[in-house]
Participant: 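Just dropping this structure here.
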2 protein chains.
Amino acid sequence: MDEFNALATFGALSNVTRLRILKYLVRMGCNGKTAGEIGKAVEATPSRASFHLATMTETGLLVSERRSREIFYKVNFNSIGNLVHYLIHDCCKGNNTVQSCCNPKDNCE
Amino acid sequence: MDEFNALATFGALSNVTRLRILKYLVRMGCNGKTAGEIGKAVEATPSRASFHLATMTETGLLVSERRSREIFYKVNFNSIGNLVHYLIHDCCKGNNTVQSCCNPKDNCE
DNA sequence: CTTATATTTCAAGTTTTATTGAAATATGGA
DNA sequence: TCCATATTTCAATAAAACTTGAAATATAAG
């Protein structure tokens with residue numbers, strides 16, 4: 001992941017509707033859910049849901065697939081993993097676990 | 001970390017100036033750097049640097065300390081760790097390493 | 001007390017992002 | 001073909017975030 005994609009992905013995660021879409025889709029599992037179902041779940045109008053789903057798909061957080069008239073969206077876990085890796089690599093100098101990153105012993109005080 | 005703080009922290013990381021401030025301060029180590037040095041490093045005017053440093057400090061990403069006329073800022077690694085934990089907990093159902101989160105085997109395909 | 005340095009705060013303007021509702025596109029069935 | 005459903009796209013507006021430069025605050029030194 002490069003800086004441009006990291007910025008876009010952090011931006012995608014910084015909106016409450018999109019963060020709730022992500023949480024909903026994580027719960028809903030591997031088949032994904034339709035744009036309509038997602039919109040209802042997060043209480044967004046169709047066009048608003050579509051707008052946020054497009055943003056999340058552009059950054060790579062979600063992947064979409066049309067099945068007949070419906071479009072299914074699901075989480076791209078690799079994208080989340082890549083973001084975490086980017087954050088840990090750049091912010092914790094290569095330590096690659098949450099534990100070593102967050103250990104107070106490593107935090108200068 | 002709650003949803004509100006996660007949103008604010010993702011927002012703090014979604015701006016290129018702030019992301020570069022974070023990277024700079026990670027490199028610069030535990031004593032921190034002054035607002036002036038940080039501003040020069042990321043090519044921001046004093047007021048712009050101050051604005052972004054305030055945003056980052058409010059979310060908990062940075063901590064500040066005045067020493068005489070200067071204000072030193074440094075990274076709060078716990079904040080980054082908490083954010084990663086929030087992301088992994090909510091997005092990967094409790095698996096707490098990057099590896100298990102991102103393993104394609106767990107990704108339904 | 002005055003001046004200089006470091007930083008923040010404020011108000012104004014600009015840019016970006018988000019919302020809304022209507023219209024357009026895509027698919028499937030009668 | 002015509003109609004219904006699902007979703008997206010578009011244009012207009014609204015809201016939030018960012019930038020700028022000037023003024024204010026805080027600290028220190030002469």
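A note on names: the letters A, B, ... follow the listed sequences, proteins ahead of strands, and every chain is numbered from 1. The structure presented is a predicted model; accordingly, all values stated were derived computationally and were not measured. Hydrogens, waters and symmetry mates are skipped; everything else that's a heavy atom, side chains included, is used.
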Participant: Without swapping roles, check the side chain of A:Asn5 against the backbone of A:Met1 for a donor-acceptor pair under 3.5 Å.
Facilitator: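 Such a contact is absent between A:Asn5 side chain and A:Met1 backbone.
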
Participant: What's the verdict on side chain to side chain contact (heavy atoms under 4.5 Å, CB included) for B:Asn76 and B:Leu62, showing C-alpha distance, side-chain angles and the deciding distance?
Facilitator: CA-CA 5 Å; B:Asn76 176 14; B:Leu62 304 183; 6.0 Å; no

Participant: Between C1' on C:dT7 and CD on B:Glu37, what's the gap in Å once rounded to a whole number?
Facilitator: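 To the nearest whole Å, that distance equals 13 Å.
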
Participant: Starting at the 5' end of nucleotides 23-30 of chain C, put B wherever the base has a protein heavy atom under 4.0 Å, S where only the sugar-phosphate does, and a dash everywhere else.
Facilitator: ----BS--

Participant: Output yes when at least one side-chain N/O atom of B:Tyr73 is less than 4.0 Å from OP1 or OP2 of C:dT8, else no.
Facilitator: yes

Participant: When you measure from the side chain of A:Arg18 to the backbone N and O of A:Arg20, does any donor-acceptor pair fall under 3.5 Å?
Facilitator: no

Participant: Do the side-chain N and O atoms of B:Glu58 and B:Thr55 include a donor-acceptor pair separated by under 3.5 angstrom?
Facilitator: no

Participant: Given 3.5 Å as the limit, does a donor-acceptor pair link the side chain of B:Ser50 with the main chain of B:Ser47, or not?
Facilitator: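 Side chain of B:Ser50 to backbone of B:Ser47: no pair is present.
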
Participant: With a non-hydrogen cut-off below 4.0 angstrom, is B:Phe72 in contact with a base, only sugar-phosphate, or nothing?
Facilitator: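 Nothing, no nucleic acid heavy atom in range.
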
Participant: So, OP1 or OP2 of C:dT17: does either fall under 4.0 Å of a side-chain N or O from A:Asn15?
Facilitator: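 Answer is no, no contact under 4.0 Å.
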
Participant: Applying side chain to side chain contact (heavy atoms under 4.5 Å, CB included) to B:Tyr86 and A:Leu19, what does each step give before you reach the verdict?
Facilitator: CA-CA 11 Å; B:Tyr86 182 88; A:Leu19 191 58; 4.0 Å; yes

Participant: Between C:dA18 atom C1' and A:Ile21 atom CD1, what is the distance in whole Å?
Facilitator: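 Answer to the nearest Å: 13 Å.
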
Participant: Would you mind reading off the distance between B:Glu43 atom CD and D:dT19 atom C1', rounded to a whole angstrom?
Facilitator: 16 Å

Participant: Rounded to the nearest Å, what distance is computed from the CZ atom of residue B:Phe10 to the P atom of nucleotide C:dT17?
Facilitator: 17 Å

Participant: Could you check if a side-chain atom of A:Lys23 sits within less than 4.5 angstrom of a side-chain atom of B:Glu3, using non-hydrogen atoms only?
Facilitator: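 With C-beta onward as the side chain, the pair touches.
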
Participant: Roughly how many Å is it from NZ in B:Lys33 to C1' in C:dT7, rounded to a whole number?
Facilitator: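 Rounding to the nearest Å, NZ of B:Lys33 and C1' of C:dT7 are 17 Å apart.
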
Participant: Output the residues of residues 45-62 of chain B in contact with DNA chain D, where contact means a heavy atom of the residue under 4.0 Å from an atom of the strand; sort by number or write none.
Facilitator: B:Ser47, B:Arg48, B:Phe51, B:His52

Participant: In this structure, how many angstroms lie between the P atom of D:dT25 and the CD1 atom of B:Ile71, rounded?
Facilitator: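 Between P of D:dT25 and CD1 of B:Ile71: 15 Å.
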
Participant: Starting at atom CG of B:Leu7, determine the distance to atom P of C:dT17, rounded to an integer number of angstrom.
Facilitator: 16 Å

Participant: For the residue pair B:Val63 and B:Val75, establish whether any side-chain heavy-atom pair is separated by less than 4.5 Å.
Facilitator: no

Participant: When you compare the side chain of A:Asn15 with that of B:Leu7, does any pair of heavy atoms fall below 4.5 Å?
Facilitator: no

